[in-house]
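Step one of this worksheet: look at the structure below.
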Amino acid sequence: METAPSVSCLPHNAKMSKAKKVLEDAKEIENPELDLFDKGVSTFEEMPGLLNMTYITRLTLSHNKIKSVPPGLANLVNLEILNLANNHVEDLPLSLSSMPRLRILNLSINRLYELPRGFGAFPALEILDLTYNNLKDDSLPGNFFMMQTLRALYLGDNDFEKLPADIRNLKNLEILVLRENDIIELPKELGELSRLRELHVQGNRLTILPPELGNLDMLSNKAAFKFEGNEWVPPIADQLKLGLSHLQDYLRSEAYRVAYNRYQTNKPSVPPPCADKAKKISRIR
Amino acid sequence: MKPADRSPGIPTLGPITNSNLAQRRVHFDEGYHKFDQYDNVPLCTSKNTNAANNTTLMCVDNMSRETMFCSKCGEGFEPQEKIVNSTGQLWHQNCFVCAQCFRVFSDGVFYQYDDRKYCEHDFHVLFAPCCQKCGTFIIGRVIKAMNASWHAECFRCEMCSIELADTGFIKNGGRALCHECNAKVKARGLGKYVCHKCHSIIDDQPLRFRGEVYHPYHFNCTACGVELDANAREVRNRPGLAKNDTNELYCLRCHDKMGVPICGACRRPIEERVVTALGKHWHVEHFVCAKCEKPFFGHRHYEKKGLAYCETHYHQLFGNLCYSCNQVISGDVFTALNKAWCYSHFACSVCDQKMNQKTKFYECDLKPVCKKCYERFPKELRSRLRRQHEANNARRAPTPVE
C-alpha cells in the first residue's frame, strides 16, 4: 500500500486492467450496481462485455475521460442510474433517451455543446444533471421540456440566456438550478410549476422577476430560493435584503404589478455577461 | 245418634231457583258474555255465630214453655230442657243442626240459606263456586269471567301474570290479557310499536327515549317545554356513558342550539362518536385526508396548514420522499440540504458512494458531494463555489436568517 502512487500517475495499462478487474468481479457476483469511477477509462472499448450486462441498474463512470457514449449503452434496459460526471463527453447517442427505466442521469462536468435531437423522450427520467457544460438556448432539442417525470433539472454553469415558456410542461419539477448562466429574464410560466421548491438563479444577469413567481411557496422548510449575484432593480434588491418573505409579499403586491408593467415598456439595461467563463475546463476542445 | 231418627219432619231442600243465591248460580253456569266485567259478590249471606247472631240458650219458666214449640220438629219443650234461640226462633238442642248432615254446628258456625241452616262444609258443597284455576271453593270475593269463576288472586294475565281483578282484562284469542299485553300482541300483529306509557299502538313515528318507545306527544322539550314530535332528540348528559337514565329530550330547535358539537365538514350536529382534531369536531366518517378524501377511522393522520392528510399523501405532498428513489421513507430518514433520503440511499451525487452521518461532504447546488469528488472538481469551479459560500456566510452573519 505504501507504494501506491497517486492515481493520476498510474500507467495507462494498469488502469485498464483495473476497470476490467471490476467488470469481471461484477459479472461473477452479478452485482447490479457497477462502480467504475476514477478508472482512467477514455472509451467504452476499455470495458469489454459491459454493454451485455443487461441486469445492471446503476452504472457509475464518474472521473474518467470518456469522450463519446456509444448507442449500445441503451442495451442496458434495466439501468436506473447512469453517472457520467466529470468526463470529457462531447456528444450523446440518440438512443440514450429511449432507456426505459433511467431515472437519474448525471452528465455534470462534461463538454456538451448540444444535446441530441429527441433528447426529451426519456420515459422515466426524474433527475437530470447537466451542470458545468457549454449548453445555451439553442442547444436544447424541441422536446426537451416534455419530460413530465422530471423532478430536478440542474443547468448550473452553462450559457443559457433565456428559458422558453415550454418550461410550464415540467409539471413535476421541484428543483431548477440555473446558477451562473447568462440568464437575462425568467419566463413567467415558472409561476405555474406548483411543486417547485428549489430555484437557484445566483450569478446571472437578471434585473426583474415576473410577478407570477409570487405564486410559488418560497417559505416552506423544504424551499430554497437563491437570487444572489444579479443586478436587481432597486425595489427587488431592497426586498431581498429584508428576506424572502418580503420578496414574496412584494411580488404578490399590486405595487409590483404596476412597476413590472413599467419595466416591460421601459426595460432596465441588461447587465453584461458577468463571469469570465473562458477558464472553464468544459471549454477545452 | 242420627238426627234423622229424632226429627221426622226434616224438610227436604226445597226448590231454590228463586233465591238470590240460586240466581247467581244460574248465572255462573250461563257465564257472562261481557268479558271485561267482573263481579264481586259477597256470597255468604249469613255466616253466623251464636254469639254474633243472638243465638242463645235460654231457661224459661214452665208457664211460658207450654206455648213454645221447636221450629224444626214442632214439639214442645220439656221443663228444664235447654232451648236454642236463634234469630227469634226456638229449637231443641238436638234439632239445631245442619240441614244436610244433621250434625251440630262446630263452633256454632252455620250458614243460612232459604231459612235452612248448613254447616260450613255442606254449604260449600251445595252452593259455593269452584275456582277455574285452582279447583278449590271460593270464599269471599268471586271473579266471574271467561265463563268461569276465579279467586281474585287466581285470575291473572296469561302473558305477564299480573292480577286482573282490579284492573280489568281483555279477551284476546281465548286468553285473558291485561291492557298492556293485549296492546303489545295487537301491535306486533300490525308491525307497530306500543307506547311504553299509554300502552296503545303508535301509528306514526315513535319517539325513542331511554331505551323504550313512546308517542312523542307524551313528552315536552326539556328546554322550551313545547310538546315533542318524532324529530325530538334524546341527549346523553354524559356522552359515552352506557347508562341512559339521565338522558333528556329536546325539540330539534333547542337541540341544535345546545352546543352539540358541529361537524367541521358537513356542518351538522354530531350525535355519535366525535373526532376532535385541527381544533374542530368531526363525524368519524367525515374526518378525511385532504388529498384522497378517505376517512382515517382512527388511523394516524398528519396535519399541515390546517388540513389533515393520510401518511401516503402527507409524504407525497410535504416532503418525506427520498430524493433518490422518490418513495415514502419508511425507516430512518437522512435529512440534509433541504432534502430527505432513505438512510441507505444517501450517497455522493458524483460517485454514488454511500455516505453516513460521519462522512464529510460538500454542497453543490444543494446536492451532496463527497470530499474526494469535490477535490476532483475543476479548480475554477471550486474557487467560485468557495467564494459563493463565503459571500453567503458574510451576508447571513449580520442579519438573522428569515
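If you're wondering where the values come from, they're calculated on a predicted model, not measured in any experiment. Labels below follow one simple rule: chain letters A, B, ... track the order of the sequence lines, proteins then strands, and each chain is numbered from 1.
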Handout entry: Pairwise distance CD(B/Glu380) to OH(A/Tyr132) - rounded to 0.5 angstrom
Key = 3.0 Å
Problem - Shortest non-hydrogen contact between B/Asn338 and A/Ala223, atoms and distance - result: ND2-O, 2.8 Å
Handout entry: Full working for side-chain contact (heavy atoms from CB on, under 4.5 Å) between B/Arg384 and A/Arg179
Key = CA-CA 11 Å; B/Arg384 271 191 288 129; A/Arg179 176 185 51 79; 4.1 Å; yes
Handout entry: Whether A/Asn106 side chain and B/Ser349 backbone form a donor-acceptor pair below 3.5 Å
Key = yes
Exercise for the section: For residues B/Gln388 and A/Glu180, determine if any side-chain heavy atom of one lies less than 4.5 Å from a side-chain heavy atom of the other. Expected result: yes
Exercise for the section: Give a yes or no on whether A/Lys171 atom NZ has more than 12 heavy-atom contacts from other residues, nucleotides or ligands under 6.0 Å away. Expected result: yes
Exercise for the section: Please state whether the side chain, the backbone, both or neither of A/Leu61 comes within less than 4.5 Å of a heavy atom of chain B. Expected result: neither
Practice task
Take atom CG of A/Asp25 as the centre, draw a 6.0 Å sphere, and report whether it contains more than 12 heavy atoms from other residues, nucleotides or ligands.
Solution key: yes
Exercise for the section: Output yes when a side-chain donor or acceptor of B/Asp365 lies under 3.5 Å from a complementary backbone atom of A/Val177, and no otherwise. Expected result: no
Exercise for the section: State whether A/Asp129 and B/Lys367 are salt-bridged, where the test is any N-O pair (Lys NZ or Arg NE/NH1/NH2 against Asp/Glu carboxylate O) under 4.0 Å. Expected result: yes
Problem - Beyond-backbone contact of B/Lys339 with A/Glu198, side-chain heavy atoms, under 4.5 angstrom - result: yes
Practice task
Say whether, by atom type as modelled, one donor and one acceptor occur between the side chain of A/Arg103 and the main chain of B/Ser324 under 3.5 angstrom.
Solution key: yes
Exercise for the section: Side-chain contact test, heavy atoms from C-beta onward, threshold under 4.5 Å: evaluate it for A/Glu126 versus B/Cys325 and give yes or no. Expected result: no
Handout entry: Proximity breakdown for A/Glu80 and chain B, heavy-atom pairs closer than 4.5 Å
Key = neither
Problem - Toward chain B, the part of A/Leu84 with a non-hydrogen atom under 4.5 Å - result: neither
Problem - Basic-acidic side-chain contact under 4.0 Å: A/Asp217, B/Lys305 - result: yes
Problem - Smallest separation among heavy atoms of A/Ala152 and B/Tyr323, with atom names - result: CB-OH, 4.2 Å
Completion exercise
In this structure, CG of B/Leu321 is separated from CD of A/Glu174 (nearest 0.5 Å) by 7.5 Å
Problem - Euclidean distance, B/Leu381 CG relative to A/Thr131 OG1, rounded to 0.5 Å - result: 9.0 Å
Exercise for the section: Decide if atom OH of B/Tyr193 counts as having more than 12 heavy atoms of other residues, nucleotides or ligands within a radius under 6.0 Å. Expected result: no
Practice task
Decide yes or no for B/Phe377 and A/Asn86: does some side-chain heavy atom of the first lie under 4.5 Å from some side-chain heavy atom of the second?
Solution key: no
Completion exercise
Whatever's closer than 4.5 Å to a heavy atom in chain A on B/Cys373 counts as both
Practice task
Assess whether atom NZ of B/Lys371 is packed by more than 12 heavy atoms of other residues, nucleotides or ligands within 6.0 Å.
Solution key: no
Problem - Residue B/Gln205 excluded, over 12 heavy atoms near CD under 6.0 Å - result: no
Exercise for the section: Taking all heavy atoms of A/Arg58 and all of B/Cys351, pick out the closest pair and write down the distance. Expected result: NH1-O, 4.3 Å
Practice task
May I ask you to check whether over 12 heavy atoms, not counting those of B/Arg210, lie within 6.0 Å of atom CZ?
Solution key: yes
Handout entry: Contact check, side chains of A/His63 and B/Lys372, non-hydrogen atoms, under 4.5 Å
Key = no
Problem - Short side-chain donor-acceptor distance under 3.5 Å, B/Gln353 and A/Asp35 - result: yes
Practice task
Quick one: closest heavy-atom pair of A/Thr60 and B/Asp352, and the distance?
Solution key: OG1-OD2, 2.6 Å
